Amino acid sequence: MWQLFHKLGSPKWFFGMANRLMPWLLLGGVALLFAGLIWGLAFAPQDYLQGNSYRIIFIHVPSAFLAQSVYIMMAVAAAVTLVWRMKLADVFVKSVAPVGAVLTFLALFTGAVWGKPTWGTWWIWDARLTSMLILLFLYFGVIALGAAISDEKSSARAVAVLVLVGVVNIPIIKYSVEWWNTLHQPATFKLTEKPSMPAEMWVPLLLSVLGLYLIFGWFACLRMQTEILIRERRTRWVKELVLAGRS
Amino acid sequence: MHPIRKKRLTIVLFLLAGIAVAVGLTTYALRQNINLFYAPSQIAAGDAPLDVRIRAGGMVEEGSVQRDPESLKVEFRVTDFNSSVLVEYTGILPDLFAEGQGVVAMGRLNASGRFVADQVLAKHDENYMPPEVAEALERASAGTHKAGDSSGPETAY
């Protein structure tokens, strides 16, 4: 365990590792996501109350799920940046923040599209919706702060502190529907109980969530590789890699 | 662990704990403002202000919906199974509005205890099921569920 942690300190090792991992992540992710979405959007039964409009859940839930998971992963990486000063942790935070922002936007957007026919409104200042909007602004803040400071080390620390401060928003998003009266319904997937829908609905939903996780993993690796190449452009191994690729 | 890293880790943990406490106290103090709506029991207990735009939420009481045949005016009772409040609304209701469904109404509470709404939103829960299952459940609960009914096993959901 600690050995892997120490190896992660080397961007070069990660670069090679990511190369080997990425095809599997992409393959598995596309397969699961396609299976989940096609099953969910075309074959899963209708809902007794909402008819077909509930099907947006197969896009809404995976993106909302990932939006929060990505932030938690960023917070862990931020703690590693602050405590161990690991370069790769900062590379991770900077590379995935825009991805998290896009996922949060997607969750808010599909939620609005779903809210109009079911609730009767696009938007309401409900605790769940508002805390999700705050998450979007946190992502924007992380991206902006990271870009505003040109010194690599001070930028890494400032961003890490911001990410850690923002992580308190995650339990608020998660429990907002239980702590306060909201228009948003409680969670469909709970860790301790059976999902509140039949298997032919929750299995495709689970598949799309897992698929999106894998695709996120692939995309994170890709973006991190790019960031590593930019940051390590003066090192010997990157020069050799580029020369080898050219010949 | 290296003593410097240990120190940094403690600082990080203290930072997190401090922010959690601060945000926890703030949201606790603001809890009434964060709640989207007043429940009928809160309105009955006099917690909700009169003549101020507020929201009231709960279940539409079974058999309480009365539509005015001449206009779009509709009256219904919203209940939380302890007390209920009479809501009056003129306009188009959302598709999911039905007796026994959750709603959130926005409007003013007048002195006679009627809630005059200018917007009604439908609330749905996290239970999704195919229509056949819902029908089977309804029949089972209505007591007309016969032994040997083909939809029997599906009620296990």
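Heavy-atom basis, side chains included; hydrogens, waters and symmetry copies ignored. What you are looking at is a predicted structure, and each value in this text was computed from that prediction instead of being measured.
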Exercise for the section: Measure W202(A) against the heavy atoms of chain B and call it side chain, backbone, both or neither at under 4.5 Å. Expected result: neither
Problem - Sub-4.5 Å side-chain heavy-atom contact between M197(A) and N127(B) - result: no
Completion exercise
Pair count under 4.5 Å, heavy atoms only, with chain B: among T118(A), L164(A), D126(A), highest is T118(A)
Fill in the blank from the handout: Ranked by heavy-atom pairs below 4.5 Å to chain A, first place among H2(B), K7(B), R5(B), R8(B) goes to R8(B)
Problem - V177(A) versus chain B, the contacting section by heavy-atom distance below 4.5 Å - result: neither
Handout entry: Minimum heavy-atom distance T27(B)-W180(A), with the two atoms named
Key = CB-CZ2, 3.9 Å
Completion exercise
Under 4.5 Å to a heavy atom of chain A? For P131(B) that would be both
Problem - Heavy-atom side-chain proximity of Q101(B) to L49(A) below 4.5 angstrom - result: yes
Fill in the blank from the handout: Ranked by heavy-atom pairs below 4.5 Å to chain B, first place among T130(A), I124(A), V167(A), V161(A) goes to I124(A)
Practice task
For Y48(A), look at atom OH and say whether over 12 heavy atoms of other residues, nucleotides or ligands are found less than 6.0 Å away.
Solution key: yes
Exercise for the section: Check the pair F37(B), T182(A) against side chain to side chain contact (heavy atoms under 4.5 Å, CB included), reporting the backbone distance first and the verdict last. Expected result: CA-CA 7 Å; F37(B) 52 81; T182(A) 54; 5.9 Å; no
Problem - Side-chain heavy atoms of K123(B) within contact of W119(A), under 4.5 Å - result: no
Problem - Validation row: Y54(A), H124(B) side chains within 4.5 angstrom (heavy atoms) - result: no
Practice task
Please report the shortest heavy-atom distance between G120(A) and P94(B), naming the atom on each side.
Solution key: CA-CB, 4.4 Å
Exercise for the section: Using non-hydrogen atoms and a 4.5 Å limit, figure out which bit of A187(A) sits close to chain B: side chain, backbone, both or neither. Expected result: backbone
Problem - Contact origin within V168(A) toward chain B - heavy atom pairs under 4.5 Å - result: side chain
Exercise for the section: Could you tell me which portion of E135(B) (side chain, backbone, both or neither) has an atom closer than 4.5 angstrom to a non-hydrogen atom of chain A? Expected result: neither
